[in-house]
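Each ligand, and each atom within it, is numbered from 1 in the order the structure gives.
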Amino acid sequence: MQNLVLVKLGGSVVTFKDKPLTANTEAIDRISKSLKMLDAPVIIVHGGGSFGHYWSVQYDMHTKASRYDAHGVSIVHESMIALNQVIVNSMMRSGLNPYGLQPSVFTSGQRPITAKIRQLLSMAGSRVTPVTFGDVVYVDRAKYSILSGDSLMTILAKVLRPSRVIFATNVDGIYSDLESKSLIPRLGVAGSRSVKVSMNSVADVTGGMKRKITEAFKIASLGMDVMVVNGLHPERIVAAATGRPTVGSMVMKRRRP
Ligand code: IPE
């Protein structure tokens, strides 16, 4: 399928990061309405924001595989299912056909299950929209780890090679300078070192904006352009998904020599 759109809805867009367990329902509803305008097959990944991150911090759980507190594992997972439900229900109200699924359906620990990932593409092609999310996942020998939605973007992009890869965050894109907020409209893979990112995300166990940029560069290295846009302006997601110019940053794909 040529025109797959892969979108990550950051936790800073779908939740209020400073209000524990509070979804930004207004932002979610506006995004759902915007996604309804798209004709192309879409796969959605969402982050944890004040749901998954909130509990991961409380229980000291990280991306590193470890024997975390069993109640922590349970409650982080449950909170992500709850947030997924809010998003899925909003999308249904907008007339979309979302299908929520936890990442352990198509990954084993941090590794992809390729055949399962291909099924997501086939679902998206039949007008069902898979909606997956960052989660706590079982690794092995009673160890678990936090698998971020950003890592899932790379896992999915590698197998499915979408036409459009979009990270929706709560800022306009990638800034060269945080003080002046000067937006970099286009940058190449080689530009990663010139990017300064804020590391002040308080309740974030997966690395905040830095992780997003790292994954965006990984995907661009695999030969796909990646757009970083502000999801609180959902028309920018639609523009990016249809290849129209919009406010945001494009990490340009590495061209093969
Ligand atoms: C985090 O996913 C998932 C959990 C903490 C369980 P992300 O790392 O993708 O979340 P955001 O987008 O940064 O909030």
Side-chain angles (χ1 to χ4, degrees), residues 6-24 27-28 31 43-66 68-87 100-107 109-110 130-139 143-157 165-171 173-174 197-216 218-219 226-232 237:
L6 179 62
V7 185
K8 162 83 195 288
L9 302 176
S12 57
V13 178
V14 293
T15 75
F16 292 105
K17 277 209 126 172
D18 48 357
K19 288 190 200 149
L21 308 170
T22 311
N24 186 344
I28 295 170
I31 289 171
I43 296 178
I44 303 287
V45 177
H46 66 81
S50 70
F51 284 70
H53 282 294
Y54 172 74
W55 288 117
S56 306
V57 168
Q58 306 282 315
Y59 284 88
D60 199 22
M61 295 162 69
H62 306 273
T63 51
K64 185 179 178 297
S66 184
Y68 294 115
D69 184 283
H71 188 63
V73 169
S74 184
I75 204 157
V76 167
H77 180 63
E78 191 280 331
S79 73
M80 288 309 301
I81 300 267
L83 177 58
N84 183 253
Q85 278 285 295
V86 174
I87 295 171
L101 75 175
Q102 57 194 45
S104 58
V105 168
F106 58 88
T107 56
Q110 306 265 354
V131 184
T132 188
F133 48 88
D135 198 1
V136 55
V137 292
Y138 180 78
V139 182
K143 291 183 181 171
Y144 291 79
S145 82
I146 301 290
L147 175 57
S148 79
D150 300 321
S151 306
L152 283 174
M153 288 292 280
T154 305
I155 288 173
L156 293 171
V165 181
I166 302 163
F167 283 83
T169 67
N170 67 340
V171 291
I174 301 172
V197 293
S198 86
M199 291 294 288
N200 60 356
S201 324
V202 270
D204 196 327
V205 294
T206 58
M209 193 63 179
K210 189 164 190 279
R211 158 75 67 184
K212 275 159 236 323
I213 294 172
T214 306
E215 300 299 334
K218 267 193 216 166
I219 296 169
V226 181
M227 275 299 286
V228 181
V229 297
N230 193 332
L232 298 170
I237 302 177

Atoms in ligand 1 flagged as close to [X], the criterion being non-hydrogen separation under 4.0 Å:
{"X": "G52", "result": "5 (C), 6 (C)"}
{"X": "I146", "result": "4 (C), 5 (C)"}
{"X": "D150", "result": "9 (O)"}
{"X": "G47", "result": "2 (O), 7 (P), 9 (O), 10 (O), 11 (P), 12 (O)"}
{"X": "G10", "result": "12 (O)"}
{"X": "S56", "result": "5 (C)"}
{"X": "V76", "result": "6 (C)"}
{"X": "G149", "result": "2 (O), 7 (P), 9 (O)"}

I'd like to know whether ligand 1 has [X] as a neighbour, heavy-atom separation below 4.0 Å.
{"X": "K17", "value": "yes"}
{"X": "K212", "value": "yes"}
{"X": "H77", "value": "no"}

Side chain of T22, backbone of F16: donor and acceptor closer than 3.5 Å? no
Under the salt bridge (charged side-chain N to carboxylate O under 4.0 Å, His left out) test, residues paired with D150 that sit two or more places apart: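 So D150 forms a salt bridge (charged side-chain N to carboxylate O under 4.0 Å, His left out) with K8, K212.
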Partner set under side chain to side chain donor-acceptor pair (under 3.5 Å) for S148, not counting sequence neighbours: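 By the side chain to side chain donor-acceptor pair (under 3.5 Å) rule, S148 matches S151.
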Identify the two heavy atoms, one from I219 and one from A157, that lie closest to each other, and give their separation to 0.1 Å.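 For I219 and A157, the tightest heavy-atom pair comes out as CG2-CB, 4.0 Å.
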In short, Y68 meets H62 closest at the heavy-atom pair OH-N, 3.1 Å
Residues S145, V137; criterion side chain to side chain contact (heavy atoms under 4.5 Å, CB included); working and verdict: CA-CA 6 Å; S145 82; V137 292; 3.9 Å; yes
Min over G49, G11, G48, P103 of heavy-atom distance to atom 12 (O) of ligand 1 lands on G11
Audit row: Y59, H71, side chain to side chain contact (heavy atoms under 4.5 Å, CB included) steps and yes/no: CA-CA 9 Å; Y59 284 88; H71 188 63; 3.0 Å; yes
Rounded to the nearest 0.5 angstrom, the OG1-CG distance for T132 and L101 is 5.0 Å
Look at the rings of F133 and H77 and say which category their plane angle falls in: under 30° parallel, 30 to 60° tilted, over 60° perpendicular. tilted
Hey, does H46 come in under 3.5 Å of ligand 1, counting only N/O atoms on both sides?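 Such a contact does not occur with ligand 1.
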